[in-house]
Amino acid sequence: MTTLPGGIRMRGDSRTADDALLADLNPAQREAAAAPGGPLLVLAGAGSGKTRVLTRRIAWLIRARGLAPESILAVTFTNKAAGEMRARVESLLGRSVRGLWIGTFHAICLRWLKRHARAAGYGPDLAVVDAEDQLTLLRRLLKEAGYDHTPRRARELQAIISRAKNRAQTAEEFAAEAHTPAQLVAARLYTAYQEALRRQNGVDFDDLLLGGLRLLREHAEIADHYAAQFEHILVDEYQDTNRVQFLLVERLARTHRNILVVGDDDQSIYGWRGAEVRNILDFKKHFPEAAVHYLEQNYRSTAPILAFANAVIARNRGRYEKALWTERPGGELPEFFLAADEDEEAEEIARRLSAEADAGRPYRETAIFYRTHAQSRPLEEAFLRRGIPYAIVGGIHFYARREVKDVLSYLRVLVQPRDETSLRRALGVPKRGIGERTLEEFFACLGESGCGPLEYARAGGPASASARAREALARFGEWMLALQARLAEPPERILSEIVASSGYRDHLRHEGGDWEERLANVDELLESARLFSSREEGGVAEYLDQVSLLTSADTVAAAADRVTLMTAHNAKGLEFPRVFVTGLEEGLFPHASALDDEEELEEERRLFYVACTRAMDGLTLSASEMRRRYSTGAGGISRFLIEAPRELFADTGPQGSWGGYGGPRVHATGRAREDAESARRANGGNGGWGRPVDSAGGRRSASVGDGSGAWSGSAGDGDEHPLVGRRVYHAAFGHGLVTGVDGRGDQARITVRFQAGNTRKVLKGYLEWEP
DNA sequence: GGGCCCTCGTCCTTA
DNA sequence: ACGAGGGCCC
């Protein structure tokens with residue numbers, strides 16, 4: 001008998017597991033999987049078999065407890081996880097579990113909103129608006145309201161609206177709380193945005209959740225119906241649920257109170273998206289009678305990997321104290337190496353990968369994680385050079401590619417002509433003589449015309465438009481209405497008809513550039529529609545729903561023997577025998593935007609912890625001394641490595657890179673670049689290794705502003721304008737003259753006219769001041 | 001007015 | 001390096 005943290009005493013084998021379903025679970029897993037009912041919190045560390053517990057519990061509820069599949073609701077984090085979990089349960093039970101509700105919160109809410117469209121206040125054929133369309137719409141609204149409508153502003157606004165929605169705050173509630181001028185503007189636009197969505201019968205991702213919640217709140221009979229139906233509710237990755245998702249779960253669990261949530265506060269990585277780790281920390285407050293189970297035995301990683309990961313996460317405050325352990329014997333220390341720049345970092349990874357492949361490790365066993373998508377490029381280039389097959393998860397999502405969105409926009413218009421964003425897109429691409437001006441008038445007059453958008457187009461649109469534009473509109477309307485009459489046909493047939501008769505292929509060819517790749521993507525889209533038709537029941541509308549809810553994590557191709565590249569966020573829930581975590585530099589991982597906020601830093605640390613704990617046998621960490629990123633360099637080795645006990649990882653840099661490293665450079669310094677530059681020169685600029693470290697190899701002061709180095713000439717942080725006219729040297733761009741200053745301190749952006757003739761804005765920290 | 005070309009600011013993570 | 005917007009020509 002053991003007492004676990006939190007004072008939960010656990011018996012050994014309880015022998016409630018008379019069912020073979022639970023035979024191979026450990027006692028803690030079994031207790032959770034066969035728990036009698038009531039609220040249950042399972043704190044499951046990385047690799048502790050939580051998916052196993054969830055699938056076994058669902059199977060156990062159905063077989064041992066005789067529950068009907070439709071009385072169980074299981075919420076997963078991705079559609080892929082839902083599909084896998086369903087398949088797993090079916091194979092455990094040897095029967096179909098048709099009727100089981102399993103999916104992401106978003107997919108489940110969409111299902112409700114469609115099923116109860118009228119009650120939810122939507123028309124039929126509700127369409128999901130993706131992030132890009134959301135931005136397009138917001139920019140248009142900003143412009144119409146006379147505000148700055150740069151993509152940046154639109155993104156800021158999108159984030160504000162999204163955060164409000166994730167707190168379950170409607171436009172009206174948000175407006176009521178708005179005080180500062182900026183908040184009032186945001187409130188106005190939030191309202192306008194919701195009206196625009198409403199006009200086109202659209203919902204964004206956050207609306208799916210909020211709409212689902214509103215449906216349950218405003219229609220007690222519907223809420224009671226589902227609350228009665230779902231005798232058992234299971235939620236995976238509970239640490240990454242937001243307020244709205246909590247409220248949904250809480251409402252649905254009210255009748256039976258059989259709510260099992262599984263999560264790990266150390267793996268909460270979506271705070272920026274509105275996830276509230278409080279949901280899991282406060283579970284016992286919300287459900288006072290809840291039992292708590294801890295899963296701390298890790299079945300995934302070797303002891304050295306776990307020891308390193310445990311040490312990393314132990315730096316965080318505000319967490320349930322816990323430590324994973326394993327019975328796995330042996331294992332190598334995690335490795336670290338420092339490269340001169342990102343090309344060499346990528347090259348070294350490719351080199352190690354090739355060697356391991358030669359030694360018999362299949363490529364598919366290896367994954368490479370990075371903090372931002374932009375880091376994939378050097379890796380791709382290195383892999384291409386060495387002929388290493390790879391697949392990128394995420395990045396520019398397939399369905400977010402311009403050519404794919406173009407073609408899909410026609411399909412969306414057919415299903416929902418009021419979708420203004422898609423209609424604007426379809427009208428404009430390929431060019432058919434309908435320009436900005438005509439579009440504005442078209443939509444301005446559409447309302448008064450009293451007919452639908454396609455009929456209005458067929459009639460020639462606004463009388464004020466040019467004869468050419470009117471003719472083009474009429475042809476477009478005619479064509480779309482003819483296609484609309486065929487909507488009962490399979491999506492694939494409609495889609496290929498669209499591609500064929502729109503002249504889209506010619507349009508792409510004419511565009512030049514990477515048209516071949518774009519053309520291939522269009523063909524791949526047609527193939528995906530064909531696959532949908534062959535696999536799923538449902539027409540064009542269902543096809544579009546599926547496309548909208550697909551996520552990057554859903555498209556991991558498992559079959560081929562390839563290395564997988566993805567962001568650390570996308571890695572959640574996965575495991576690989578061999579893992580590389582790259583770009584471990586201050587400002588990148590942890591990301592620059594988190595450096596001045598302790599909570600955000602802790603989230604970065606959790607993200608790093610998630611990345612490391614994906615590894616089963618091998619973990620290699622890497623960093624670059626220099627990085628071309630918005631014309632800036634790297635910020636020194638990540639604090640996540642600096643703060644880890646030195647004996648928990650091995651420095652495998654060819655020249656003992658760590659040994660010469662002078663300590664944490666928490667802020668980017670000019671020295672880092674300078675060193676990297678001299679390293680490149682010393683290596684003849686080729687892919688050679690290492691940087692010439694201080695010959696002494698000892699510690700070296702690298703603190704910013706120590707007055708001894710390149711910094712001494714810098715003016716104070718007060719008045720920056722005396723800097724204009726100063727001569728400077730930049731490691732990458734050479735000598736130049738300051739022509740402008742933006743901001744203060746080391747974060748100031750200095751405009752420099754370089755001798756080469758180019759003018760650039762660079763961070764002050766990267767400049768050396770010449771006399 | 002519509003479309004092409006060139007210059008400029010810009011990319012953190014996502015259901 | 002990529003897209004958006006401004007300028008310019010049809």
Side-chain angles (χ1 to χ4, degrees), chain A residues 75-82 103-110 128 130-132 134-136 139 143 149-152 154-155 158-159 162 165-166 203-209 237 240-242 244-245 269-275 369-378 393-397 400 402 428 430-441 464-469 472 510-514 548-554 566-572 583 587-594 600 603-604 606-607 610-611 628-632 742 749 751 758-761:
Chain A
V75 186
T76 59
F77 198 71
T78 64
N79 295 295
K80 181 166 177 269
T104 62
F105 276 108
H106 294 83
I108 288 163
C109 285
L110 177 62
V128 180
D130 69 20
E132 203 206 324
Q134 213 181 340
L135 280 178
T136 311
R139 292 190 63 190
K143 189 178 179 184
H149 57 284
T150 55
R152 187 178 180 78
R155 262 195 306 278
Q158 182 190 33
S162 179
K165 287 182 175 178
N166 286 327
V203 283
D204 64 25
F205 283 118
D206 302 314
D207 283 338
L208 287 173
L209 304 180
E237 307 281 9
D240 279 322
T241 52
N242 63 32
V244 178
Q245 289 165 334
I269 55 174
Y270 284 98
W272 54 274
R273 202 174 77 182
F369 304 144
Y370 35 73
R371 179 64 178 79
T372 69
H373 288 300
Q375 292 164 250
S376 72
R377 183 144 299 176
V393 175
I396 299 177
H397 196 282
R402 174 159 56 85
K431 297 268 176 255
R432 48 169 65 84
I434 302 169
E436 185 66 19
R437 184 65 182 250
T438 307
L439 277 181
E440 292 315 317
E441 279 176 31
S464 52
S466 69
R468 198 167 61 143
H510 181 71
E511 239 187 9
D514 46 3
S548 304
L549 290 182
L550 275 183
T551 72
S552 44
D554 297 328
M566 67 179 88
T567 62
H569 280 91
N570 269 324
K572 185 164 90 157
L588 190 57
F589 203 170
H591 196 266
S593 57
E600 290 183 41
E603 182 155 312
E604 295 284 316
R606 289 192 294 269
L607 183 60
V610 166
R628 297 182 297 269
R629 190 167 162 262
Y630 325 116
S631 350
T632 68
D742 215 6
R749 290 169 70 79
T751 309
N758 52 329
T759 300
R760 280 181 176 271
K761 276 191 179 178

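Bear in mind that the values here come from a model prediction, so they are computed numbers and not experimental data. In what follows, chains are A, B, ... by sequence order, proteins preceding strands, each numbered from 1. Atoms considered below: every heavy atom in the structure, side chains included; atoms not considered: hydrogens, waters and symmetry mates.
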Both distances under 3.5 Å, Watson-Crick or G-U wobble: on that basis, could you give the dot-bracket string for DNA chain C, with [ ] for crossing pairs and | for other-strand partners? .|||||||||
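No side-chain heavy atom of A:V75 sits less than 4.5 Å from a side-chain heavy atom of A:T241. Within the 4.5 Å cutoff, no side-chain heavy atoms of A:V128 are placed close to those of A:H106.
The distance from atom CZ of A:F589 to atom C1' of B:dC12 is 11 Å, rounded to the nearest whole Å. The CG atom of A:D207 sits 21 Å away from the P atom of B:dT14 (whole-angstrom rounding). Straight-line distance from the NZ atom of A:K80 to the P atom of B:dT14: 16 Å, rounded to whole Å. Between the P atom of C:dG6 and the NZ atom of A:K143 lies a distance of 8 Å, rounded to the nearest Å. Rounded to a whole Å, the CG atom of A:D240 is 17 Å from the P atom of B:dT13. When the P atom of B:dT13 is taken as reference, atom OH of A:Y370 falls 10 Å away, rounded to whole Å. Distance, A:Q158 CD to B:dA15 P: 13 Å, rounded to whole Å. To the nearest angstrom, C1' of C:dA1 lies 7 Å from CZ of A:R377.
In this structure, NE2 in A:H373 is found 6.0 Å from CG in A:N570, a value given to the nearest 0.5 Å. In this structure, OG1 on A:T438 lies 6.5 Å from CD on A:E441, to the nearest 0.5 angstrom.
Here the nucleotide nearest the side chain of A:K431, chosen from B:dC12, B:dA15, B:dG3, is B:dG3. When each of B:dT10, B:dT13, B:dA15 is scored by its nearest atom to the side-chain atoms of A:F205, the top-ranked nucleotide is B:dA15. Each of B:dC12, B:dA15, B:dG2 was ranked by its minimum atom distance to the side chain of A:T438; first place goes to B:dG2.
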Run A:T372 and A:H591 through side-chain contact (heavy atoms from CB on, under 4.5 Å) and show every step you take. CA-CA 9 Å; A:T372 69; A:H591 196 266; 4.2 Å; yes
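The shortest distance between the side-chain N/O atoms of A:T567 and the OP1/OP2 oxygens of B:dT14 is below 4.0 Å. Between A:N570 and B:dT14 there is a side-chain polar atom (N or O) within less than 4.0 angstrom of OP1 or OP2. For B:dT14, one of the phosphate oxygens OP1 or OP2 lies less than 4.0 angstrom from a side-chain nitrogen or oxygen of A:H373.
Judged by distance alone, with hydrogens and angles left aside, the side-chain atoms of A:N166 form a donor-acceptor pair with the main-chain N or O of A:R273 at under 3.5 Å.
At a threshold of 4.0 angstrom between heavy atoms, the contacts of A:S466 with the nucleic acid are absent. No contact: A:F105 has no heavy atom under 4.0 Å from any strand.
Ring stacking holds between A:W272 and B:dT13, with the centres under 5.5 Å apart and the planes within 30 degrees of each other. Stacking is not found between A:H569 and the pyrimidine-like six-membered ring of the B:dT13 base under the 5.5 Å centre-distance and 30° plane-angle cut-offs.
Scored by the side-chain contact (heavy atoms from CB on, under 4.5 Å) test, A:P590 finds A:E586, A:L595, A:L601, A:E604, A:S638, A:R639, A:F640 as partners (sequence neighbours excluded). For the ring pair (Phe, Tyr, Trp, His ring centres under 6.0 Å) test, residues two or more places apart in sequence or in another chain that qualify with A:H569 are A:Y270, A:W272.
Heavy-atom nearest nucleotides on DNA chain B were determined for A:R273 and for A:A374, and the one closer to the 5' end corresponds to A:A374.
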